[in-house]
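Chain letters run A, B, ... following the sequence lines, proteins first, then strands; residues in each count from 1.
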Amino acid sequence: MARSPLALVALGLVAAWGVAAFSAPVLAPHLPLAQDIVHRLSPPSRDHWLGTDPLGRDVLSRILYGARLSIPVGAAAVVLAGGLGIALGGAAGFLGGIVDETIMRITDLMLAFPTVILAMVITAALGAGIHNAVLAIMVAWWPSYARLERGLVLAVRQREFVEAARVLGASRLRIALRHVLPATISPIVILGTLDVGHAILTFASLSFLGLGPPPQVPEWGSMIAAGRNYLNQWWIATFPGLAILSLVLAFNVVGDSLRDLLDPRLRRV
Amino acid sequence: MNGDQGGGVPRFNRRSLIGLLGGGLGYPAVTHLLGPETARAAAPSGTLLVGMELLMKSIDPGRTIEASAYMINHAIYDSLVTFDGEDLKTPKPQLATGWKASPDGKTYTFTLRPNVRFSSGNPMTSADVKWSLHRVINLKANTKFLIEGIEEVLAPDPLTVVVRLSESKPSIIPILSSPSLCVVDSKVVMENGGEAGPDAKDKDRAEPYLSAHSAGTGAYTLGSYIPNQELTLVKNPAHWRGAPKFDRIVIRHIPEPATQQLQIARGDLDVATGIGPDQAQVLRTAPGVTVKTSLIANTFYVLMNNNPQIGGPFANPRVQQAVRYALDYAGIMAIAGAGAQRLASIIPNSFPGSLDPRTAVTTDREKARALLREAGVGVVRGRITYPAGATSWGVQVDLLVQKIQTDLNAVGMTIDLNGLASLTALQEYRDGKNQIGVWGWTADWPDPSNFLVYLPGRTVGKRAGWPADAGPEAAALAKLGDQAEREVDTPKRVALYERVARRIAEIGPYAPLFQPAVPYAMRSNVRGATYNSVWEVDLYALGKSG
């Protein structure tokens, strides 16, 4: 990674967004919910660097506070989807037989649905909100982790060190948790890193469609939705859009570089 | 709904394709696909292109009360009575040349206009009027509230209609201007499944026919209708007022205000009725575009449920009072946009019986906080239910509720926003399940009597958990409302309505906000555009110069 300047820039961007999210209360020039009706729809100026929205709220402050929501939500969705996928995929690969068949057919069924549409159906059914959006992303995404984990487990359980553990009399649970699972974790981490950006984008899409948090909550997707009716006040939708673009792109590049770094075959080349 | 007409995305694609291959809908399909210059060249001066949000379940006059259906039906059909342009105070003759009320106000006799023919060629007679009104009475559809109080309709001779009421009801004249109560060609509609008898509710099968054809005396006839997509009107050359100015009117369903803004600015539309105040602001400086605003007979208000089980702290009269003082009306008016007017009560300022807006409650946060302390209900927490993403008469409801949330938070209340899909939110409102709601009532007919719905025990009153037996004050107010409704003498009537309005403003579980003004835009060569809140733009009056 150190040799790739692009990866460094991306890592820097992710770190910068992390800092921005963490210290938004200090960095933001205004409160994200403070309305100033008199100065609604003002273009970028010294007072409002990125302009104001239809209720006179500061776009920059809302973007900074939006990062506080988007990054944890993206990470949480991926951790939950990954956890569920590892558990189910691991069980399928390790136990085999009817358990494997059942879990993998359910996985196939889930994979047959387009993920965003599935997430939309889930949030529409459960009601809009942050928790339900995270839940929807988790439900829509666990199958790809389950697939990956199952394949890895199948490959690892044939290896000598697993045989050795079995010969030494280790229990099945101990073999699964102490020997098989750790050997499968790095590809999952790579997929997870790539997916955080993707999850942030999906969460923003759900909010854009009105399936995310209520409208007053600073969130990038709903900020873009609010800007849709204001084509001449371009700053309302453009800046949150750029925020999503930079963060998602950065996560993707970091994920890619991480794969290059951790994949032994690529490293040798 | 006619199965063949059921819109949807795949159908749209197929129709467009057929259009490109030279099918019947070729023209609209082509303008969708080609650039602005070609589209402008393709619009001959005999065609008018209108962009609006076609929000309606039906265009069968007996089964629809939606404003967009009214705009179309007002062009296809005529009623006994009408209003001219933007004036909603003076009823004008249309298919009736005159009318007379009996001294007890219970019988109205209408003289019909002679030599009027339907687009089918059939002559229009009193039998058609009687049949049309009886169909609405017996359909018992969503239009039934319009004909409440009509006991029977008689047709003693071909040019005389007698309407008998169960009790005096002077608002019957403005009510009869409703496009729902238009006169349809009874012969044609009967041939196509129409039924006006007592069992019309089950036996009438005319809705599919009336969704694809028209059977009226109006200036235009229905050419085609694809729900959620497009509707075309075709000139009726034999119209009794003289043929209209356009051969065709194409009405496109364009729900997004920003899209309408772009299209009218480029010249892809001649008239756009679905823009909001913020788009209008931009269009005012666009070359070749004229923007007008029209005050709408609608009252926006905040509902606070008076039923303690649903309203919680908001059922407390002091909390309700505190809400009225907590709102920042100047800010709310900025969201409502140019032309909107502050309301002191729930009767629109353009109607007799309304209160002077200068007597409206003004913002006083200290007073609101004091009232909350007096109420002694502890933490005031509530939830505003509203249709998420909806634009109502140009007002973005999302913005309005966020403003109200912030204002109420500022005096120490905790307010959550509960945005629901429009139909779900509407159902919850109609069922009286909103703890707090932000809604409006639009006049179904241009008369203050329509706004008595806010009284305890009536439509909106019930939705706000305010029954007529809520208490001695509510009971007295309900009685006063009944008295206003029956009064025939005009000055007395106006005074009674003013008393009702003042009392509702004082004790009603509402915070009256504003009367909206709808901006609409047209290309500068469009002439004669007027807008009223019952049937929006009068299409017959439109023309184009150059």
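Of the possible donor and acceptor atoms, none in the side chain of B:Q396 sits under 3.5 Å from a partner among the backbone N and O of A:P54.
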How far apart are the C-alpha atoms of B:I332 and A:I37, what are their side-chain angles, what is the distance that settles it, and do they pass the side-chain contact (heavy atoms from CB on, under 4.5 Å) test?
CA-CA 9 Å; B:I332 288 172; A:I37 290 283; over 6 Å; no
Start with the C-alpha distance between B:D278 and A:R40, add both sets of side-chain angles, then the distance that settles side-chain contact (heavy atoms from CB on, under 4.5 Å), and finish with yes or no.
CA-CA 11 Å; B:D278 294 316; A:R40 68 194 290 260; 3.2 Å; yes
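Contact of B:Q279 with chain A is made through the side chain alone, with heavy-atom distances under 4.5 Å. For B:I275, no part sits under 4.5 Å from any heavy atom of chain A, backbone or side chain. With a 4.5 Å cut-off on non-hydrogen atoms, B:A334 touches chain A through its backbone and its side chain both.
Remark: B:R383 CZ is loosely packed, at most 12 non-hydrogen atoms of other residues, nucleotides or ligands lying under 6.0 Å away. Heavy atoms of other residues, nucleotides or ligands lying less than 6.0 angstrom from NE2 of A:H30 number more than 12. Within a 6.0 Å radius of NZ in B:K292, more than 12 heavy atoms belonging to other residues, nucleotides or ligands are found. The neighbour count for B:R358 CZ, taken as heavy atoms of other residues, nucleotides or ligands under 6.0 Å away, does not exceed 12.
With rounding to the nearest 0.5 angstrom, the OG1 atom of B:T259 is 7.5 Å from the CG atom of A:L231.
With 3.5 Å as the limit, one finds a donor-acceptor pair spanning the side chains of A:N232 and B:Q261.
Taking 4.5 Å as the limit, every side-chain heavy atom of A:P214 sits out of range of all side-chain heavy atoms of B:D416.
Contact count against chain A (heavy-atom pairs under 4.5 Å) is highest for B:A258 among B:G276, B:G389, B:A258, B:A388.
Checked against A:Q35 for a side chain to side chain donor-acceptor pair (under 3.5 Å), the options B:T406, B:D407, B:D328 give a single hit: B:T406.
Looking at every heavy atom in both residues, A:Q216 comes nearest to B:Q402 through CA-OE1, 3.2 Å.
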